[in-house]
Amino acid sequence: MSSVETAILPGGIVSRPGSTADYKTGTWRVKRPVVDLNKCTGCLICWIYCPEPAILKREDGKIEFDYEHCKGCGICSEECPPKAISMVEE
Ligand code: SF4
Ligand code: SF4
């Protein structure tokens, strides 16, 4: 194997769990989630499904988003039982 080949790291590998917290994945987003706090029950289903560290629990038990890490995938909106989360254009 040449020195050039050995310098290329294999892709698609997460070598350390939770490492996305180190990156601002919010720059990927084209839509952002917005929560209607009147509908939010604080069940945290969205927190369980979110693939990023992007959903934070507020002191009142409801949620807010960390837009530096939310990549806009929309999973939270799909999974929220009372449909309290809408995806809106940036
Ligand atoms: S899933 Fe919906 S209702 Fe439950 S905490 Fe998240 S936003 Fe609130
Ligand atoms: S849109 Fe995706 S990344 Fe952003 S808070 Fe919802 S589930 Fe998490």
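Counting convention: from 1, in listed order, for ligands and their atoms alike. FYI, side chains are in, hydrogens and waters are out, and symmetry mates aren't considered; it's all heavy atoms of this structure. Position 1 is the first residue of the sequence, and the numbers go up from there.
Considering only residues two or more places apart in sequence or on other chains, E68 meets the salt bridge (Lys or Arg N to Asp or Glu O under 4.0 Å) condition with K24.
Every atom of ligand 2 with a heavy atom of F65 under 4.0 Å away is listed here by number and element: 5 (S). Of all the atoms in ligand 2, the ones that sit under 4.0 Å from a non-hydrogen atom of G72 are 1 (S), 4 (Fe). Against a heavy-atom cut-off of under 4.0 Å, C50 is close to the following atoms of ligand 2: 3 (S), 5 (S), 7 (S), 8 (Fe). Close contacts between ligand 2 and C76 involve ligand atoms 1 (S), 5 (S), 6 (Fe), 7 (S) [criterion: under 4.0 Å to a heavy atom].
For R58 against I63, the heavy-atom pair with the smallest separation is CD-O, 3.3 Å. Nearest heavy atom pair, residue P33 against residue Y67, reads O-OH, 2.6 Å. Scanning all heavy atoms of the two residues, the minimum distance from P82 to T41 falls at CG-CG2, 4.3 Å.
Looking only at protein N/O/S atoms, the ones less than 2.8 Å from atom 8 (Fe) of ligand 1 make 1 in total.
Pairs engaging residues 80-90 under the side-chain hydrogen bond (donor to acceptor under 3.5 Å, both in side chains) rule: R29-E90, R32-E90 [sequence neighbours left out]. Here salt bridge (Lys or Arg N to Asp or Glu O under 4.0 Å) pairs that include residues 42-55, with residues two or more places apart or in two chains, are E52-K71.
Using a 4.0 Å cut-off between charged side-chain N and carboxylate O, D60 and K62 make no salt bridge.
Neither the backbone nor the side chain of Y49 comes within 4.0 Å of ligand 2, counting heavy atoms alone. Using a 4.0 Å cut-off between heavy atoms, I55 contacts ligand 2 through its side chain alone, with no backbone atom that close.
With a 4.5 Å cut-off on side-chain heavy atoms, C70 and T25 do not count as touching. For the pair L56/W47, no side-chain contact is recorded, criterion being any heavy-atom separation below 4.5 Å from C-beta on.
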